[in-house]
Amino acid sequence: MPTDTPPAGSAAAVETAGDVVLRAQGLTKHFPLRGLARGKAVHAVDGVDLELTRGSVVALVGESGSGKSTIAKLLSLLIHRTSGDIRLSDKSVDGRGRRAFRRHSKRVQMIFQDPFGSLNPIHTIRYTLTRSVRIHKGNLRGDKLEAALEELLARVQLTPVDRYIDKFPHELSGGQRQRVAIARALAADPDVLLADEPISMLDVSIRLGILNLLKTLRDDMHVAILYITHDIASARYFADRTMVMYAGQIVEQGPSEDITQTPAHPYTRLLIDSAPDPDAPARTERSTSGEAPSLVSPPPGCRFAARCPFANDLCRSETPDLFNVPGDDRAARCWGYSDRDNKPDVSGVAKSVKETI
Amino acid sequence: SSDSSEESSNSPAPSNSESASAGAAVGTEALTIGMPNGTQTDNSNPFVNTSSAQSLGYAYAIYEPLFQVTDISDTPPEPWLATDAAWNEDYSSVTFTVRDGVNWSDGTPLTADDVAFSFQIRKDNEALNNTALPYGDITVDGNTVTVGFTQPVFVKANRVLNTFIVPKHIWEGIADPTTDLNQDPIGTGPYVLENWTPEAVKLVPNADYWGGTPAAPELLYTSYTDNAAMTTALVAGELQWGWTNISDYENVYIAKDPEHNHFWTPSGLAVDVLYLNNETKPFNDVAVRQALSMVTDRNAIYNIGSEKAFPEVTSITGMPTPAGNAFISSEYEGKEYSVDVEGAKKVLTDAGYTYEGDKLFDKDGEQVTFTLTDPAGWNDYVTTLQQIADMASQIGIEATVDTPDADSWFGDIAAGDFQASLHWTDGGPTPYDMYSDIMDGAYYLPQGEAANWNFGRYNNDEATKALADFSSASEDSVRQEAMDIVQKRFVEDQPAIIVRGRPASAEYSSKYYTGWPSDEDPYNQAQPTGPQASQILMKLKPATD
Amino acid sequence: MTTVDTNNLEPQELPRPDAPGVSHTKQGPPKPKKGSQFVFLRNSKAITGMIILGFFVIIAIIGPWIAPYDPDAFSDQLVAPPSWEHWLGTTHLGQDVLSQLLVGTRYVMIVGFTAGVLATILAVIVGVTAGYLGGWSDEGLSLLSNIFLVIPALPLLIIIASSLDGGMIVIAGVISLTAWAWGARVLRAQTMSHRKRDYVEASRANGESTWRIVLAEILPNLTAIIASSFVATVTFAILTQVTLAFIGVTSPTDWNWGTILYWAQGNQALARGAWWWFVPAGLCIAAVGVALALINFGIDEFVNPRLRSTGRYARVLRKRGVQARVGFTPIDRGTTHGGVAATPQPGSPPGGNSFAPEPSGEIPASTNVKG
Amino acid sequence: MRFFIRRGIFYIVTAWAAVTLNFFLPRMMPGDPVSSLIIKSGGQISPDAINSLKVLFGLDNGQSLWEQYTSYWNQLFHGDLGLSFAFFPTPVSSVIQQSLPWTVGLVGIATILSVILGTTVGTLIGWRRGTKADAVLPVATFFSAVPYFWFGLIAILLFAVTWDFFPASKGYQPGLIPAWNWEFISSVLWHGILPALTIVVSSISGWILGMRNMMVTVSSEDYVTVAQAKGLKERRVMVSYAARNAVLPQISSFALALGFIVGGTLVMEMVFSYPGIGFVLYQAVTASDYPLMQGCFLVITLAILVANMMADVVYAFLDPRTRQEG
Amino acid sequence: MTTTAPALTNATLQAADPILEIKNLSVDYGFGDDPTHVLQDVSLTLNRGEVLGLAGESGCGKSTLAYGATRLLPPPGVIRGGEVIFTGRDGVKTDILTLNDKDLRTARWRDFAIVFQGAMNSLNPVHRVGTQLIDAIKAHGKTATKQEARDRAAYVLEMVGINADRLKAYPHQLSGGMRQRVMIAMALVLEPELLIMDEPTTALDVVMQRQILEEITDLRDRLGFSVIFITHDVSLLVEVADRIAIMYAGEIVEAADAKDAYLRPRHPYTRGLLNSFPPLRGPRRELQGIPGSPPDMAKLPSGCRFADRCPFVMDRCRTEDPALSRTALKMSEPERLVACHLHDGKASEVPAELAIQAPQK
Ligand SMILES: Nc1ncnc2c1ncn2[C@@H]1O[C@H](COP(=O)(O)OP(=O)(O)OP(=O)(O)O)[C@@H](O)[C@H]1O
Ligand SMILES: Nc1ncnc2c1ncn2[C@@H]1O[C@H](COP(=O)(O)OP(=O)(O)OP(=O)(O)O)[C@@H](O)[C@H]1O
Ligand SMILES: [Mg+2]
Ligand SMILES: [Mg+2]
C-alpha cells in the first residue's frame with residue numbers, strides 16, 4: 001500500500017491556483033475483448049498526457065466513443081489503467097487497496113453525465129450527502145452534520161436547504177439533481193473535479209446554470225476541473241484549455257479560444273464546421289463523410305487519415321506525434337505541423353476557418 | 001390343525017380330479033387381475049419379489065407348488081405337483097412323490113430331477129432362498145425326492161410344501177438365476193405367458209395342462225399406481241380380482257354391485273401387533289402394558305382403524321379366531337377382551353402410579369407419556385395408532401403419534417429405538433410364528449442391534465423355551481403344552497398388544513366366474529399373488545347367470 | 001441458459017434513457033414515497049390479494065383458538081356431511097374437517113413463509129453476490145444455481161424430506177433449498193444491470209465500500225424483484241408442502257391442508273362422495289394461491305409501469321367505450337375539458353390560440369370538414 | 001468459438017456436478033433397498049428374506065462409497081446403468097426405456113399444447129389489453145393455484161367416474177399390445193386426453209401471463225409504434241413485430257419446461273396411473289433403488305441440459321443480437 | 001372529405017397552401033380521473049414544401065404534438081379534442097382524427113411518415129433492415145412483385161448513402177448514424193407528402209448530425225415533401241427550418257420565420273433559450289440562461305406558464321393565460337405570432353430586448 005501520499009488536507013493547503021494537481025502521462029487503456037475476438041482489445045485510450053491545474057478548467061472534446069469517459073474513469077481510479085502513470089500532487093497513484101482508493105477519491109471526485117442515473121432513486125438527498133460527508137469528513141453527527149449539509153447545498157445554490165434536503169431525486173428537476181451530484185462531490189473538498197458531460201442530459205435552459213456553478217467553484221475554490229463534452233461551443237465558453245480527442249488519442253490541445261477560432265487539426269476543424277451555428281453563412285460544400293476507425297485494430301498512421309481531406313501517404317503509414325503549432329502552448333497530432341519533407345499541406349485548415357469568421 | 005405329519009402327507013388329492021373335470025366348462029370373458037403395485041417391468045423371474053411375475057402374481061399361474069397349503073382353515077395340504085409328502089419324525093427331512101403325467105409348457109415332462117433341482121437352486125443361491133430354509137441334502141430316487149434340513153422345520157413345513165417348481169432343463173442353463181429376466185417363462189401351470197406389456201400381462205391357458213382346462217380363456221394382469229386408482233378400477237368393474245385396501249369397502253365397493261362384488265378376509269394366524277418396548281419407560285413396567293391393553297378397544301379399531309376389513313381379535317390370548325380356536329389354551333378359552341378403564345386405572349394405581357388431575361404419573365413422579373410410531377403413508381396403521389393414543393388418554397397417559405419415513409422407522413424398530421409401534425407378524429399353520437415374532441427370546445438382541453423379530457425386546461426364558469419346544473416337538477401334546485405356556489406368558493406379561501387379525505384379504509367379482517374361496521368354501525386365501533393362484537384359477541367356473 | 005436468461009430479465013423498470021424529461025412525470029421510474037418501499041401494494045389487485053392473504057394469516061394465528069373442536073378428537077359421526085354441528089362435515093374418524101382446516105392453516109402459512117424467507121435470503125445472497133462480483137465468483141455461483149435448477153425438485157424434496165424426518169421448519173428448509181435457484185438467477189441479472197448503472201459507479205467513485213454499495217445502494221432497488229420472488233417462492237412452497245403431505249412424505253399427523261387431503265384421499269373421500277372432506281382444503285389452497293398471484297400481479301405492475309397503466313385504466317376505458325391501443329390513440333371528446341369546446345363544431349372559430357400565418361386583422365378562416 | 005467452448009465446459013461441469021449429486025444424495029438417505037422392499041411388501045416378504053435379498057442386490061460385498069462412485073462412473077462410460085433394485089433384476093436402462101416415451105409423449109404434447117395455447121392467448125390479451133378478454137387471466141390463475149393432484153382427482157371423479165367420458169387411468173386399454181395400429185393408437189390418444197387436458201389447464205396460466213406481460217412491454221416499444229405508423233395490417237404488427245419479439249423470453253422458459261418434461265409430472269402419473277418415468281422415479285425413491293434413481297436423474301439432467309442447449313441455439317436463431325458474440 | 005371554399009380573403013395572396021392544419025388539439029396523459037393535460041387547444045399549420053421547426057425543452061410536448069396529430073401516441077395518451085386536417089396533393093382534405101382504422105392505415109406512411117425519436121428503438125431488432133423496409137412497401141401494395149419492392153428498398157437506402165447490401169443487415173449490425181439513416185430511408189420509401197422527424201439527430205455526434213441534416217435538406221429539395229422537424233436545439237433549427245414554432249410547457253409561445261426568431265425573439269422564453277447557447281464564433285460573452293426550471297405538466301400554474309421564470313413578469317401574467325396572437329409590432333411582421341402579454345399593448349411598451357426591429361430591406 002502506498003503510504004507516501006501526504007494527507008489530502010495539507011496538500012490542499014499548500015497548493016494554490018496554477019499548481020498542477022493531477023497529471024497523467026502516457027495514459028493507456030485497452031479493454032480486452034471477449035468472445036471470438038479474444039486476445040484483441042479495444043484501444044479506448046492510447047498514450048494520453050494531461051495536466052490539471054488548480055483553478056482552471058480543461059475541456060476534453062471529441063466524438064462519441066473517442067475515449068473521453070474512459071479517461072475520467074481512469075483518473076478517478078474507477079478502472080485500472082493498462083499503462084502510463086497518474087500522479088496526484090506528483091505522487092503516483094494506483095488506488096489498489098481500499099484505503100488508497102478512498103484517499104484518492106477524497107481529492108479527485110467525479111460528476112456523471114446523467115443526473116437521473118447517478119443518484120440512487122431510493123435515497124433522499126440527505127442520505128446521499130450524509131454518506132459523502134461521513135466518508136470524507138469523519139463520522140459527523142447532529143448539528144455538525146446539519147451544518148455541513150447546509151453548507152454543501154448552499155455552495156451549489158440549492159437554497160433554502162429545507163426545500164431540498166428531504167426530497168427524493170425524482171422530486172427534483174434535472175438541474176437540481178445535477179447540483180446535488182456536484183454537492184456530493186464537493187463534500188470531499190476535492191482538488192480535482194472530473195465532470196463527465198455534466199450538462200448533456202439537461203434541458204437547454206438549465207445547462208448554463210450548471211456551467212456557471214462550476215465556474216464559480218473554479219474561481220472561488222480553485223478546483224481543477226476536467227470538463228468532458230462533445231459540445232465544443234460550451235468548451236469555448238467554459239474552459240481555459242481544450243483538448244480534442246479522436247479515436248483514443250489527443251489530436252489537438254491548446255487554449256480554448258485559439259482552438260475554436262483557429263483549429264489546427266483537420267478533425268478539430270471538422271468538429272467546428274459541423275456544429276450548428278445560426279450565425280454562419282450557409283455552407284455549400286458537403287462535409288467529409290466516414291466514420292471513426294476501429295479501436296480494436298487501429299489502422300497504421302494517423303487515425304484520422306481515412307476521413308482527412310489533406311491526408312497523404314505519410315499520414316496513412318506513420319503515426320504522428322503531437323507537434324507544436326504556432327501559437328501559445330498549442331499542439332496538434334498532425335504531420336502537417338512536423339518538419340518532415342513529405343508532410344501534407346494543411347494550410348487549408350486554418351484558411352477555411354478564417355474565411356468563415 | 002395339528003395334524004400329524006403322516007396324516008397330512010398321506011392325504012390323497014381329492015379335489016384335483018374334480019377341478020380337472022370342472023375345467024371342461026370354459027368361459028368367454030377374460031379375467032382381469034390387478035394389484036396396486038405401480039410400475040411393472042418385463043421381468044418374469046419367479047424367484048425375486050421385485051419381478052412383475054411376483055408383484056402381479058402371474059408367476060403362480062405359471063409355476064406351481066408341490067402342495068397347496070393354507071393357513072386360514074384346517075383344510076389339509078392339497079397335493080399338487082407332488083402326490084405325497086412324507087416327513088420324518090422331527091421334521092428335518094421330507095420325501096416327495098412327484099406327480100406323473102405333468103408336462104412343462106414346452107412339452108418336456110416334469111421329473112423328480114426338476115423337483116430336486118428346484119430345491120437345489122435355492123440351496124445353492126442364498127439370494128433365492130427367501131424362505132430362509134436350512135437346506136441339507138437333496139436326493140432323488142425314482143420319482144421321489146428327499147429334501148433334508150439341517151434343523152427341524154416343523155413350523156416352516158408349509159413353506160416347504162409350498163415350494164414352486166421350475167424346469168431344470170431351462171434353469172440349469174441360466175448362468176445367474178438371480179438376474180435372469182426369464183421373459184419366456186416355462187412352467188407347469190394352467191396358464192402360459194402370451195405377451196407382456198407395461199400396462200397388462202396377458203396369459204392364456206396352457207393347452208397341455210395336467211389338471212384340465214381352466215375356465216378363464218384369458219388372464220389380464222395389470223397394475224395401478226395406488227390404492228385409489230385401483231379402487232376406481234374395481235368399482236368400475238374393470239377389475240375382477242385383486243387386493244387393495246378399500247376404505248369403507250361396503251359402500252364404496254360392495255354396494256356398487258352387491259351381487260357380484262366380494263371382499264373376503266379370512267382370518268389366518270397372522271396379527272397386527274402393537275410392539276411395546278419392554279426395556280424402556282413406560283413399557284418396562286408390566287402394569288402399564290396391562291393397563292394399555294385393557295383400555296384398547298379392539299372393537300373400535302375394527303370399526304374405524306381397520307374399517308371392518310380386518311377381523312377383530314377377541315380372545316385375550318390375541319389369537320385370531322376361528323383360525324386359532326384349536327390352539328387356545330383351555331385356561332383362556334372363552335375369555336375375551338373387554339375395555340375396562342377403571343380396572344386399568346386400578347392396575348396402575350396398585351402398581352404405584354398416581355393421578356394428578358387426569359394425568360398419570362409414575363413412581364418417579366414423571367408424567368407417563370409415550371410415542372406411537374409408524375411410517376407416514378400407512379393410513380390404516382396411523383389411524384389405529386391415533387385411536388390407541390385416544391384410548392391411552394383415558395387412563396391419563398399422554399400418547400402422541402409420530403410418523404417418520406418408512407426407512408427410518410424400519411431401522412428404529414429393528415434397533416429397538418421406539419416406544420410403541422404397530423407391526424405385523426408372520427402367519428403360519430400354527431400360532432407359533434405369531435407368538436415367536438412377538439416374544440421369542442431367540443430373536444432377542446440388545447437395543448441398538450437390528451433384530452429381525454421381537455422388536456419389543458421381551459426376554460423370558462420360559463417363553464423362549466416353550467417356543468423352541470413347540471417348533472421341535474414331534475408330538476401334538478407336547479406342542480399344546482408349550483403353546484399353553486406361551487399363551488400364559490403372553491397374557492400375563494402382555495409383552496405387546498395384539499390389536500387385530502391380519503388376514504390375506506382380496507376383492508373378487510363373481511360376475512363372470514364363480515368358485516372363489518369364500519366363507520362357505522374356505523379352501524385357501526384369495527389373494528392372486530400367492531401359490532394358491534393356480535388352485536383358485538382351476539376352481540373357477542363361468543358364472544351361470 | 002444464461003444468454004437466454006439475461007434477455008428475459010432485462011430490467012423493465014428503467015426510465016426510458018432517451019427521454020430524460022419524462023422521469024419527473026408520472027411515467028417515471030418507481031417513485032418511492034418516504035417511508036414506504038411498498039407502494040406496489042396500493043395496486044387494487046395487490047390489495048385484493050393482501051386482503052385474502054391477510055384473512056388466512058389471521059386464521060393461521062387464531063385458527064387453533066376458534067376451531068370448534070380438537071382436530072384430532074374423534075366423534076361418533078363418521079364421514080358425516082356438513083351439518084350445524086360440523087360445518088364442513090367429519091372425517092372417517094369423526095374428526096371435524098373445519099377444525100382441521102382452521103388448525104392446519106398455521107402450518108401451511110409457517111412453512112410457506114419460512115420457506116419463502118429462507119429461499120429468498122439464499123437467492124439474494126447468491127444472486128446479488130454473483131451479479132455484483134462478476135468473474136469467477138459469478139461463474140461458480142451461477143453454476144451452483146443452475147445445478148439446483150437442473151435437479152428435479154420434487155424427487156429431491158422427497159429424498160431429503162424423507163431422510164430428515166421433519167417438523168415444519170425442516171420441511172420449509174428443504175423446500176427453500178430447491179426453490180432459491182430461480183430467484184437467484186433473476187436477482188443476478190437484475191444486480192448486473194444495476195451494477196452498471198451510474199449511481200453505483202457514482203457511490204464507488206465517492207469512496208463507498210463494496211458491501212455498503214451492495215446493501216445500501218443496490219439491494220433496496222431490488223425490493224420489488226425480491227418481493228416478487230418471495231411471493232413466488234411462497235406459492236411454490238405452499239403447493240409443494242401440500243403435495244408432499246398429500247403423497248405422504250411429511251407427517252400426516254401434523255395438521256395442514258395437505259394432510260387433510262392426504263387422509264381424504266387415503267380414505268377415498270371422493271369415491272365415498274365425501275366432497276366436504278376433499279374440496280374445502282383444495283379451495284383454501286387455491287384461494288391463497290390466487291391471493292399470492294394477485295399480489296405478484298401488483299408487483300409486476302409496479303416494476304413494469306407499462307403493465308400498470310393497463311390494469312389501472314381498463315375499467316374506466318371500458319366504461320367510456322374507448323380502447324387503449326398502440327398506434328391508434330383513442331379519441332375521447334369527453335367533457336372533462338372545462339370551458340373549452342373539445343369538439344370543434346363545423347364553422348366554429350378555432351380558439352384564439354391558433355398558429356397559422358394569417359392575414360392581419362381578419363376573422364380567422366374556418367374550414368368545414370365532413371367526417 | 002470460445003463462446004461455445006465456454007458453454008460446453010459449463011454444460012459438462014453442470015452435468016458432472018448433477019450426476020455426482022445424484023449419486024450421493026440417494027445414499028445419504030436412511031434405509032436401504034432391502035428394508036424398503038420388506039417394508040413395502042408389508043408382511044408379504046418375511047424378514048427372514050433379508051439375507052437372501054442382500055445377496056441378491058449385491059449389497060453384501062462392503063464396497064466403500066468411493067469405490068461405488070468410481071465404479072458408477074466406470075459403468076456410466078460403458079453405457080451401463082446397472083440393475084434396478086425395485087424391479088430386480090430388470091436393467092435400469094430398460095425400466096427407463098419403457099417409461100420414458102410415455103412421459104415424453106404425453107407431458108411433451110401437453111406442454112407444447114400449453115405453450116402454444118398460452119402464448120397465443122397471451123398474445124391476444126396482451127395486444128388487446130384492457131378488454132374483456134382479460135378475464136381469462138384470473139380463471140387461468142385459479143387453475144394454476146390449486147394443487148395439481150386435487151384438480152386431477154376431481155377431474156377423474158367428474159369426467160371418468162361420474163360421467164364416463166374418459167378412462168380414469170392407464171396409458172392405454174390393458175390387453176392391447178403396443179403396435180402401430182389404429183386400435184392401439186386410438187386407445188393411447190383416448191387415455192391421454194384427460195391427463196393432457198389437466199396438465200394444460202393447470203399450467204397454461206404461466207404461459208399466458210408471461211406472454212401477456214411481454215406483449216404489453218413490447219407493445220410500447222417504438223418499433224411497434226413505427227410498424228403501426230407504417231400502416232401495416234394489425235395482424236402483421238401483432239404477430240411479426242410485437243409477438244415475434246415478446247416470445248423470446250418464452251423460449252427460455254419453454255426450454256426449462258421441456259427439460260422438466262422428462263422428469264415427468266410425478267403427480268399426474270400417480271393420479272392417472274400413467275406409465276411414465278416420474279412415477280418410476282418416485283418408486284425408486286421409496287424403494288431406495290439407487291441405480292434406478294441415478295438412472296432417472298441422469299436422464300432428467302441430460303434432458304434439461306440438452307433442452308437448454310437447444311434453447312441457446314434456438315434463441316440465437318430467433319434473436320440476431322445474441323448471434324453477435326458467437 | 002371535401003372542402004368548402006376557404007374563407008381566406010387576402011390569405012390567398014400569401015400563397016398559403018397548408019398541408020397539415022392542427023386545430024385546437026388537446027391531449028391528455030392518463031385515462032383516469034386526474035389526467036395530465038399536456039396539450040390544450042394547440043393549433044399549428046404546416047405549409048406545403050416547408051420545413052417547420054418545433055423547438056422547446058425536454059418535456060414541453062413536442063413529441064406529444066407530433067404523435068397526437070398522427071394518432072400514434074402510446075397509452076395512456078388520449079386525444080381529447082381538436083382536428084388535424086391533412087390536405088393531399090389532390091386537394092382533398094381529411095381529418096386524421098376522424099378516420100377509421102382502415103383509412104388511417106392506408107393514409108399512414110403513404111401520406112405522412114414519421115422518423116421517431118431514437119432510431120435505436122425504432123427498428124425491430126429481430127428483423128433484417130430490408131424486411132422492415134419492404135414491409136412498408138407491401139403494406140400499401142405499392143409494388144407488384146417482391147423484386148420491385150426490394151429494388152425500391154435498395155434505392156431508398158442508397159439515396160441516404162447506405163450501400164444496398166445492408167438490406168441484409170440486422171439493426172444491431174449498423175452504427176447509430178446508419179440506423180438513423182435507415183429510418184429516414186424507410187420514411188421516404190413511399191414518397192410521402194409529409195415527414196415528421198422527432199429529434200432525428202440528438203443521439204448522434206455533431207459530425208454525423210451535420211451529415212444527416214444535409215441529407216435531409218437535399219432530399220427535401222429533390223422530393224419536395226414537407227417536414228416537421230422537432231428538436232430542442234434552436235441553433236440547429238435556425239439552420240434547417242424555414243419556420244420555427246417554440247413550445248413551452250405544452251403551448252406554442254412563439255412562431256416565426258426561422259431567421260426572424262433567431263435574430264429578433266419576441267417572447268422572453270425564446271430570448272432566454274437563444275441566450276442559453278454559447279456561441280462558437282464571435283465575441284465570448286457571459287450567458288445567463290433561464291433561471292428556474294420548467295413547470296410540472298401535471299400541476300401547471302394558472303396564467304402564463306413562463307411567468308415564474310420570466311424577467312419581465314407582470315401581475316396579469318400570473319392570472320391570465322396569454323393567447324397566441326400577433327406581436328405588438330403587428331404591421332411590420334404580419335406572420336409572427338407570440339403568446340405574451342407584453343405584446344398585447346403598444347409596441348413601445350415592449351422591452352427593448354424583445355422589440356428589436358428588422359433592418360429595412
Ligand atoms: N468496459 C468496457 N469494455 C470494453 N470496451 C469499453 C468499455 N468501456 C468503454 N469501452 C470502449 O472504449 C471506447 C471509449 O469509450 P468512452 O466511453 O470512453 O467514450 P466517450 O468518448 O466517453 O464516448 P461518449 O461521448 O459516447 O460518452 C469505446 O469504443 C467503448 O466502446
Ligand atoms: N405516459 C405519460 N404519462 C404522463 N405524462 C406523460 C407521459 N408521456 C409523456 N408525458 C408528459 O407529457 C409531456 C410532453 O412529453 P413529450 O414527450 O411530448 O415531450 P418532448 O417535448 O417531446 O420532450 P423530449 O424533448 O424529451 O422528447 C411531458 O411533460 C411528459 O412528462
Ligand atoms: Mg462518455
Ligand atoms: Mg420528444
Original post:
For E/D233 and A/V204, what are the C-alpha separation, side-chain angles and deciding distance, and is it a side-chain contact (heavy atoms from CB on, under 4.5 Å)?
Top reply: CA-CA 8 Å; E/D233 187 345; A/V204 273; 6.0 Å; no
Subject >> Under 4.5 Å from any heavy atom of chain A - which part of E/L273 >> reply: side chain
Original post:
At their closest point, which heavy atom of E/R309 faces which heavy atom of A/I206, and how far apart are they?
Top reply: NH2-CG2, 4.2 Å
Subject >> For the student: nearest non-hydrogen atoms of E/V206 and A/S274, plus distance >> reply: O-CB, 3.5 Å
Subject >> Where A/A233 and E/P278 come nearest, the two heavy atoms and their spacing >> reply: CB-O, 3.5 Å
Subject >> Reported CD1-to-CZ distance for the pair E/I290 and A/R207, which is rounded to 0.5 angstrom >> reply: 12.5 Å
**OP:** Using a cut-off of under 4.5 Å on heavy-atom pairs, state which of E/G161, E/A258, E/P279 scores highest against chain A.
**Re:** E/P279
**OP:** Answer with side chain, backbone, both or neither: which region of E/P294 has an atom nearer than 4.5 Å to a non-hydrogen atom of chain A?
**Re:** side chain
